[in-house]
Amino acid sequence: MSGVTPESLALLTVLGAIVGLDSVSFPQAMLSRPVVASTLAGWICGDPSAGLLTGILLECFALETMPFGASRYPEWGPASVAAGTLAAGAGAAPGATAQMLPFALLAGLIAAMLAGETLVWLRRLNLFVASRHRDALAAGDATALAAVHWTGLVLDFGRAGAVTALFVVVLLALRDAIGPALPSVSGASAALLVGVLATGVAGGAVWKVVRTTKRYGWYFVAGLAVGVVAVLMR
Amino acid sequence: MTPAPTLPFGTWLHVFVRLFAVQGSYNYEAMIGNGIAYAAEPALRRLPGGRGGDAYRAAMARHSRYFNAHPYLAALAVGALVRAELDGESPDRVERFRTACCGPLGAAGDRLVWAGWLPFCSALALLAYGLGATAAGVLLVFVGAYNVGHVALRVWGLRAGFREGLKVAAALGSPVLRAGPLHVARATAATAGAALPLVLMRELATPGAAFWVALAAAALLSVALARLQSRVDGWRVGVAVLLVFFIYSVVR
């Protein structure tokens, strides 16, 4: 597994556990969002810029999957750590990060979907733990309540750490295996594809999120005009 | 209304910190019920008989049952429930309140936070990136802005809940919850609109025809996804396209 030392892997696992815990259990400060998790992973791997770029692109996709209630949604934290690690380890050759972006993004999206499933398992496991203390909880036993609650927190921390380590190890091995094939597409083409996909999905997501707002379109168009003018002035 | 009982600062702090873990034992039966009881527990120790007393145990049993709300606005419920218990409200009234406030607290929180504040802060981070901010700068903008709103909402919820007790429904009519989502949605639309071309520009790092072609393609994709709305998820489209591209790269 090239590019990641055992120390870095340990740090990435801890980072994944922290951002995974943040996602639902504690403290929901949005450290689990791709823009944060992927950038921090890039930092650990020595290339925060690559981590940030991957995080920004994944954030565009994450805009349309908000964690409403008990619904099933992708879990972005551990997946973004893995995606950021892939991009940050692409190497220093010109265009190497851009060539790695489609793979890192694809890995991040699929990993987020899989990690979301583990949240469902965790909720079932929490139910199992609570059911073992059902009588004590019904009697108002604070010790049993603390046991149930802390078990849930510890299980989530462990789940997120394990999921992150698994994603990082598997994806890096996959990258090493298929890596030589990636330069067959130029960095510019790869950047163009992921840029169009990410910003296109983000635009659609913003519409879905705020479609019920009066005169929404005009606010979006006005913002777009400002953005285009800013691009022209650069 | 009887004057609000006073709680020591340490108890407030204890309850407030525990609120951040209100979903710590989230499950499909009690939902966040266990978390509500866990957060309220330090204040319930002040019930007659103290920790382990009959009133304390009865209240703990009540609040460990099913409860569901937006995690941030759960602070409003915890404040109100603690006040109700310390005021000696009847268990029936407390139970009715618990049942009645789940839906409104969930809906208001979803609109204000998940469909409002979070997308706005994401758009702000995209804008910061598009304007050339460093990794640290983007993180500071996103985490800082988001958590100013996040923590303020929890503080407001706990205080308003405790102040109003079971009459907390009035707090749900607060301008922040009523008109806030509308203003935030407009700000999100404008910020995201400005951010997306700048993000694309910085990501491509090549001004000129390629940028304008990419912007037009992204706009077309946005319109298509917006028209298809709930029938197609953009991230699933992303997976499909990237998968095809990945296979093409490898087999080429």
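A, B, ... follow the sequence lines: proteins, then strands. Residue 1 opens every chain. Computed from a prediction, not measured in an experiment: that's the story for all the values here.
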If you tally heavy-atom pairs under 4.5 Å between each of Ala29(A), Gly152(A), Ala230(A) and chain B, the highest tally belongs to Ala29(A)
Exercise. Is any side-chain heavy atom of Met201(B) less than 4.5 Å from a side-chain heavy atom of Leu232(A)?
Worked result: no
When the 4.5 angstrom heavy-atom criterion is applied to Asn34(B) and chain A, the contacting part is both
| request: With the side chain counted from C-beta on, respond yes when Phe246(B) and Ile178(A) share a heavy-atom pair under 4.5 Å apart, and no when they do not. | output: yes
Okay, Val22(B) and chain A: the region with an atom under 4.5 Å from a heavy atom over there is backbone
Honestly, the part of Ala59(B) sitting under 4.5 Å from a heavy atom of chain A is neither
Applying a strict 4.5 Å limit to non-hydrogen atoms, the region of Val232(B) in contact with chain A is backbone
Okay, Tyr38(B) and chain A: the region with an atom under 4.5 Å from a heavy atom over there is both
Does Gly140(A) offer a backbone N or O that forms a donor-acceptor pair with the side chain of His63(B) under 3.5 Å?
no
Looking only at Ala138(A), Ala188(A), Ala139(A), most heavy-atom pairs under 4.5 Å shared with chain B are made by Ala139(A)
Note: Gly238(B) and Phe61(A) closest approach over all heavy atoms is CA-CE2, 3.9 Å
Whatever's closer than 4.5 Å to a heavy atom in chain B on Leu101(A) counts as side chain
Pair count under 4.5 Å, heavy atoms only, with chain B: among Val154(A), Leu53(A), Asp141(A), Val221(A), highest is Leu53(A)
Just so I know, are the side chains of Leu139(B) and Leu40(A) near enough to count as touching, which here means a heavy-atom distance under 4.5 Å? yes
Max heavy-atom pairs within cutoff under 4.5 Å with chain B, candidates Cys60(A), Ala190(A), Ser25(A), Gly204(A), goes to Ser25(A)
Applying a strict 4.5 Å limit to non-hydrogen atoms, the region of Arg154(B) in contact with chain A is side chain
Inset, instruction - Return yes if some donor-acceptor pair links the side-chain N/O of Asn27(B) with the main-chain N/O of Arg124(A) below 3.5 Å, else return no. - result: no
Next on the checklist: Between Leu106(A) and Val239(B), is there a side-chain heavy-atom distance shorter than 4.5 Å?
Outcome noted: yes
Side chains of Val143(B) and Val36(A): does their closest heavy-atom pair fall under 4.5 Å? yes
Original post:
Is the closest side-chain heavy-atom distance between Leu118(B) and Leu63(A) below 4.5 Å?
Top reply: no
Of the listed Gly195(A), Gly108(A), Gly223(A), the one with the largest count of heavy-atom pairs under 4.5 Å with chain B is Gly223(A)
Would you say that Val206(A) contacts Pro119(B) through its side chain, given a criterion of any heavy-atom pair below 4.5 Å between the two side chains?
no
Rounded to the nearest 0.5 Å, the CG atom of Asp156(A) sits from the OH atom of Tyr26(B) at a distance of 13.0 Å
Strictly below 4.0 Å, N to O, side chains only: are Glu29(B) and Arg123(A) in salt-bridge contact?
no
Taken to the nearest 0.5 Å, the spacing of Tyr146(B) OH from Leu31(A) CG works out to 10.5 Å
Inset, instruction - Determine whether Val213(B) and Val196(A) make a side-chain contact, defined as any pair of heavy atoms from C-beta on separated by less than 4.5 Å. - result: no
One should read off an interatomic distance between Phe142(B) CZ and Arg33(A) CZ, to the nearest 0.5 angstrom, of 6.0 Å
The reported gap from CG in Leu19(B) to CZ in Phe26(A) (rounded to nearest 0.5 angstrom) is 11.0 Å
Exercise. Can Glu59(A) and Ser122(B) be counted as having a side-chain donor-acceptor contact under 3.5 angstrom?
Worked result: yes
Given Leu109(A), Val226(A), Ile56(A), the one with more heavy-atom pairs under 4.5 angstrom with chain B than any other is Ile56(A)
Most contact-rich option vs chain A, by heavy-atom pairs under 4.5 angstrom, among Thr191(B), Val199(B), Leu131(B), is Leu131(B)
- Query: For atom CH2 of Trp218(A), is the number of surrounding heavy atoms from other residues, nucleotides or ligands below 6.0 Å larger than 12?
  - Reply: no
d(Trp235(B) CH2, Ile110(A) CD1) to nearest 0.5 Å is 9.5 Å
Output for pair (Ser249(B) OG, Phe103(A) CZ), nearest 0.5 Å, gives 11.0 Å
Note: vs chain A, highest number of non-hydrogen pairs under 4.5 angstrom among Leu126(B), Leu220(B), Ile32(B) is Leu126(B)
